[in-house]
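Worksheet: the structure to be examined is printed underneath.
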Amino acid sequence: MIVLGVETSCDDTAAAVLADGKLASSVVSSQDEVHGPYGGIVPELASRQHVANIMAVVQAALERAGTRVGDVEGIAVTCGPGLIGSLLVGLCAAKGIALTNRIPLVGVNHLEGHLLAIFLEHPVEFPYLALLVSGGHTSLYLAERLGCYRRIGATRDDAAGEAFDKAAKMLGLGFPGGRIIDQLAKRGDSSAIRFPRALVRGGKSDFSFSGLKTALREHLRRERGLGFDATAVVAGRALLREEDLTDVAASFQEAVVDMLVGPTVQAAATLGVPRVVVSGGVSANSRLRLRMVEEGERRGLEVHFPSPKFCTDNAAMIAYAGAQRLERNERDDLSLNAVASLPL
Ligand code: KG4
Ligand code: ZN
């Protein structure tokens, strides 16, 4: 079965072709340059960029796969959660292609896409504990079988990726900040600054990152004498020496990683699940990957990460998740709608 995947839930315009379960193409058009100057995603600009890019991205995915639209046997499109304006662009494009070419359509939950991204590269046995860490989500799910996911815990405030992005903004770095902090941290001392690790009372599998963000702001104000009104933020980088910046990045990253690894391995032990799959944009973080693997080896836990290109948003994971449903003859009709807060 040839499946076209379409993903526009946030700021990446993506399309992919999956042929008989094998990835034939995956195209991602990033909007980082558009949102970079704002230090975060501007929803209205994201929708407009999707409108400008979507058909060219779909066309590129078909061409790279050596396929014509007439050969496509199913279309899988992200219908939530995400930015409503962004979601609607991909959804309307997918519906249009499905209607004019009489191709079956299926809506896919973006989070399920992330949870199944690992299968693009190799199979993993169920059940597994999934740590989903992205710009919008930080949650633990017990994946019992295909289509059956139980939420075990979630962030009480910011998502881990959001914490990285806000920290980068405070430090006057670019957007998205996770990747930049990851790179800077490689040259820094992670024990230079002892940032607090939040423990969520009564929620052993929950996360919290807003206190860490405040601690970073206070650290910069106190130790470096930086004032943090909105206009001073962009000056942060110029006011920090290179070695201070790398130490702050490494120490901040270490705190985020500690707060992700701890509850995850604890939940795996409590549930008696022998394997963990980490997914979402933050799972591209090199320190998180290393620490999870080390912790897995120590505790006899299998740990799986998708390749970085399948950690961040992409349509290959949507095509994969949709293909599973299309193969079971599940279909959505043209009344399929986008839902910003679609639960998994
Ligand atoms: O999954 P994703 O592409 O989009 C959402 O669904 O949110 O995740 C984007 C997030 C951003 O917050 C970005 O800073 C973060 O993933 N990210 C990273 C790294 N690469 C991307 N965070 C830490 N280290 C990285 N290497
Ligand atoms: Zn995502």
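Bear in mind that the values here come from a model prediction, so they are computed numbers and not experimental data. Start at 1 with the first residue, then count along the sequence. Whatever order the structure lists them in is the order used to number ligands and atoms, beginning at 1.
The atoms of ligand 1 that sit less than 4.0 Å from any heavy atom of F164 are 22 (N), 23 (C). Annotation for ligand 1: atoms under 4.0 Å from non-hydrogen atoms of G136 are 7 (O). Against a heavy-atom cut-off of under 4.0 Å, T312 is close to the following atoms of ligand 1: 3 (O). Near H110, the atoms of ligand 1 lying under 4.0 angstrom from a non-hydrogen atom of the residue are 6 (O).
Although no hydrogens or angles enter the test, the distance criterion places no donor-acceptor pair under 3.5 Å between the side chain of S9 and the main chain of G82.
The shortest non-hydrogen separation linking A321 to V108 is CB-CG1, 3.8 Å. Residues E330 and V106 come closest through the heavy atom pair O-CG2, 4.2 Å. In terms of heavy-atom proximity, P81 sits nearest to H137 at CG-NE2, 3.8 Å.
Scanning all protein heavy atoms for the shortest distance to atom 2 (P) of ligand 1 gives D313 OD1, 3.4 Å. For atom 17 (N) of ligand 1, the nearest protein heavy atom (residue, atom name, distance) is G281 O, 3.5 Å. In this structure, the protein non-hydrogen atom closest to atom 22 (N) of ligand 1 is G178 CA, 3.3 Å. Nearest non-hydrogen protein atom to atom 26 (N) of ligand 1 is D182 OD2, 2.9 Å. The single protein non-hydrogen atom nearest to atom 11 (C) of ligand 1 is D165 OD2, 3.5 Å, given as residue, atom name and distance.
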Check against side chain to side chain contact (heavy atoms under 4.5 Å, CB included), I97 and M55: CA-CA 10 Å; I97 300 168; M55 293 317 289; 4.0 Å; yes
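Relative ring orientation between F207 and F209 is described as parallel, the plane-to-plane angle staying below 30° on a 0-90° scale split at 30° and 60°. Below 30°, between 30° and 60°, or above 60°: for F252 and F195 the angle between ring planes is above 60°, a perpendicular geometry.
Here N285 has heavy atoms under 4.0 Å from ligand 1 in both its backbone and its side chain. Residue contacts with ligand 1, taken as heavy atom pairs separated by less than 4.0 Å, involve H114 solely via side-chain atoms from C-beta onward.
Put simply, the side chain of D20 does not reach to within 4.5 Å of the side chain of K22, judged on heavy atoms.
Residue contacts with ligand 1: G161 is placed with a nitrogen or oxygen under 3.5 Å of a nitrogen or oxygen of the ligand (distance criterion only). Of the polar atoms of G135, at least one N or O is found under 3.5 Å from an N or O of ligand 1, judged by distance alone.
The CD1 atom of I318 sits 8.0 Å away from the CG atom of D313 when rounded to the nearest 0.5 Å.
Evaluation of the ring pair (Phe, Tyr, Trp, His ring centres under 6.0 Å) test over residues 278-305, restricted to residues two or more places apart or in two chains, returns H122-H304. Listed by first then second residue, pairs satisfying salt bridge (Lys or Arg N to Asp or Glu O under 4.0 Å) with a partner in residues 61-89 read R68-D71, not counting sequence neighbours.
V339 belongs to a hydrophobic cluster whose other members, connected by ILVMFWY side-chain contacts under 4.5 Å either directly or through intermediates, are L342.
Of all protein atoms, those of element N, O or S that lie under 2.8 Å from the Zn ion (ligand 2) number 3.
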